[in-house]
Number of protein chains: 2
Amino acid sequence: MKEAKSSNKRQKLVRAQGVTLWHQIQSVLEKELYDGVYSAGEKLPTEKQLAERFFVNRHTVRQAIAELVRKELIVVEQGRGAFARRDKLDYFLARRVRFRENLLRQQKSPAEELLTHDTVPADLVAAKALCLRPTTLLVRMRSVGSADKHPLCYTTQYFPKERFPDFAEVYAENHSVTATFQAFGIADYTRKSTRIMARGAEAEEVRLLKLRRHAPVMVVESVNVDHDGTPVEYGVCVWAADRIQFVVDADSHDASI
Amino acid sequence: MKEAKSSNKRQKLVRAQGVTLWHQIQSVLEKELYDGVYSAGEKLPTEKQLAERFFVNRHTVRQAIAELVRKELIVVEQGRGAFARRDKLDYFLARRVRFRENLLRQQKSPAEELLTHDTVPADLVAAKALCLRPTTLLVRMRSVGSADKHPLCYTTQYFPKERFPDFAEVYAENHSVTATFQAFGIADYTRKSTRIMARGAEAEEVRLLKLRRHAPVMVVESVNVDHDGTPVEYGVCVWAADRIQFVVDADSHDASI
DNA sequence: GATAATTTGTTCGTATGTATC
DNA sequence: TGATACATACGAACAAATTAT
């Protein structure tokens, strides 16, 4: 279908035949986006160029563009232009949530880099999530998860120190939470609760995730429990919103029970 | 615990006793936030004021503030100040997702206002979601959902026209999707898939949802199916990110199967 | 609408204490 | 003991965003 932007040549539209001009333009561009004429993240022609192509006023083009934005097919940035929507990674939230599995399923190469780790007394929020008394000691790890070398998320995880005294050290060797839990005799763990929210990125997140300033991030707060239902991990993960979407799928959920 | 900000009086910290100054400040403020000294959305003292209160440099206060931001306990806006985090409504994503039920469970008064409705040919995305051929006619509705008169979300919903010819008219009377489906003989419908993403708000969303410019919004794309598994609704809902968080809970999920 | 004041954000520099080799 | 690296703490100046006048 990719025909080297031959579609950029000028083309007349049908006027006053029951379908508005902006809607015709919108349909043409939608088809081109769907056919991959503009690949993910690629810049579309400027409004002026599109106006010339379709022999219409710039405002008519703008209406078509506004509709494409509403349909989430493109994003527009003031002073930069309009861009084909980047394909977002599907991150499945099911009973079992595994970073590596999730990425491998999308043919992406996962990587987890441990930034820092220390031992801290549980604050009020973490204590509640893990069903422990405040000031109980926790192992805290901060790490960045990537797909194909592109940073995806910035995670802060807490593990009960008493049960997992050297969690961070074991994790540092195999770079996998699942494998580390297995080293501690936990063959399986499941997601007890997941909270998803969104906000603007902080300076540190901008740096670590290579974002534009104030870019939206999604924050996922989660608790994982072991076979007995005892909390083993509380995590807060900050995701680059332009690279990920979360999927809660009825089928995939059933399949993973 | 609320003691009229008497805690705003100056207080000396312990220096050079193994605990850093910024961590002591962070702990004091965390406790105050937890005790409700600053209620939801309330402005905290300025950095200058906090620096005077604790007899430290502004940078030292900033470190404490950065930590509170990381813990999602406050939000900071340049030029405006730091604010205690607003309580977010929990919106549960389970097998059955019902706007009214979700809000009533949180003691909030739900309202759905229909803005516009029309009939449109299915675009490529909607057709795929509803398992129909493109250009199949769909009823499209746009509406704003509110909690206690505060706008929460801006929804665009599509229903197969053939099966639900006057969906919008029926909906206009009872202001409830569930009740409208019942009028069409669908006693029950379930969520087949849910996709959650985030981006900055568009101009129209800023107006309808009373947001600040470029405020983050969460976009939820969903498909609901009837008892036979046939898609009956495809919706795209834009949520004010500062007022909502989505919850995928293992327990509540089981309970609603 | 223009201007000033306020508040947070960023970047210099300096000094100090602590941990490590 | 010295050298080094790192986090903490303070100070000053300026940039950027918001609010008040």
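Every chain is numbered from 1, with letters handed out A, B, ... down the list of sequences.
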Trainee: Using whole Å, report how far CG of A:Asp118 lies from C1' of C:dT18.
Mentor: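 So the CG-C1' distance, A:Asp118 to C:dT18, works out to 17 Å.
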Trainee: Going by side chain to side chain contact (heavy atoms under 4.5 Å, CB included), name the residues that satisfy it together with A:Glu113, two or more places apart in sequence or in a different chain.
Mentor: A:Leu115
Trainee: Rounded to whole angstroms, how far apart are NZ on B:Lys48 and C1' on C:dG9?
Mentor: 17 Å
Trainee: List in chain and number order the residues that pass side chain to side chain contact (heavy atoms under 4.5 Å, CB included) with B:Ala51, two or more places apart in sequence or in another chain; answer none if no residue qualifies.
Mentor: B:Val61
Trainee: Whole angstrom is fine here: how far is it from CG in A:Leu115 over to P in D:dA7?
Mentor: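 Roughly 13 Å, once rounded to whole Å.
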Trainee: What is the distance from CD of B:Gln49 to C1' of C:dT8, rounded to the nearest Å?
Mentor: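 Going from CD in B:Gln49 over to C1' in C:dT8 covers 13 Å.
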Trainee: Does a side-chain heavy-atom distance below 4.5 Å link A:Lys71 with A:Gln26?
Mentor: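 They are in side-chain contact.
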Trainee: Apply ring pair (Phe, Tyr, Trp, His ring centres under 6.0 Å) to A:Tyr234 and list each qualifying residue two or more places apart in sequence or on a separate chain.
Mentor: A:Tyr158
Trainee: Not counting sequence neighbours, which residues clear ring pair (Phe, Tyr, Trp, His ring centres under 6.0 Å) with A:Phe164? List them please.
Mentor: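 Expected list: A:Phe167, A:Phe181, A:Phe184.
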Trainee: In whole Å, I'd like the distance from the CD atom of B:Glu52 to the P atom of C:dT7.
Mentor: 11 Å
Trainee: Ring pair (Phe, Tyr, Trp, His ring centres under 6.0 Å) with A:Trp239: which residues, sequence neighbours excluded?
Mentor: A:Tyr91, A:Phe246
Trainee: Treating primed atoms plus P, OP1 and OP2 as sugar-phosphate and everything else as base, which nucleotides of nucleotides 9-18 of chain D get B, S or - for protein heavy atoms under 4.0 Å?
Mentor: SBBB---BBS
Trainee: Using the ring pair (Phe, Tyr, Trp, His ring centres under 6.0 Å) criterion, which residues pair with B:Tyr154? Sequence neighbours excluded.
Mentor: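 Once residues adjacent in sequence are excluded, B:Tyr154 has no partner under the ring pair (Phe, Tyr, Trp, His ring centres under 6.0 Å) criterion.
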Trainee: Any salt bridge between A:Glu32 and A:Arg53, counting N to O under 4.0 Å?
Mentor: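 A:Arg53 and A:Glu32: salt-bridged.
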Trainee: Taking side chain to side chain contact (heavy atoms under 4.5 Å, CB included) as the test, write out the residues that go with B:Ala82, two or more places apart.
Mentor: B:Leu44, B:Ile74, B:Val76
Trainee: Looking at residues at least two apart in the chain, or sitting in another chain, which of them share a side chain to side chain contact (heavy atoms under 4.5 Å, CB included) with A:Glu169?
Mentor: A:His117, A:Asp166
Trainee: Please identify each residue that fulfils salt bridge (charged side-chain N to carboxylate O under 4.0 Å, His left out) with B:Asp87, with sequence neighbours left out.
Mentor: none
Trainee: Stem ranges for DNA chain D, with three or more consecutive Watson-Crick or G-U pairs under 3.5 Å?
Mentor: C:2-21 with D:2-21
Trainee: Taking only N/O atoms, report every protein-nucleotides 1-4 of chain C pair under 3.5 Å with atom names and distance.
Mentor:
none

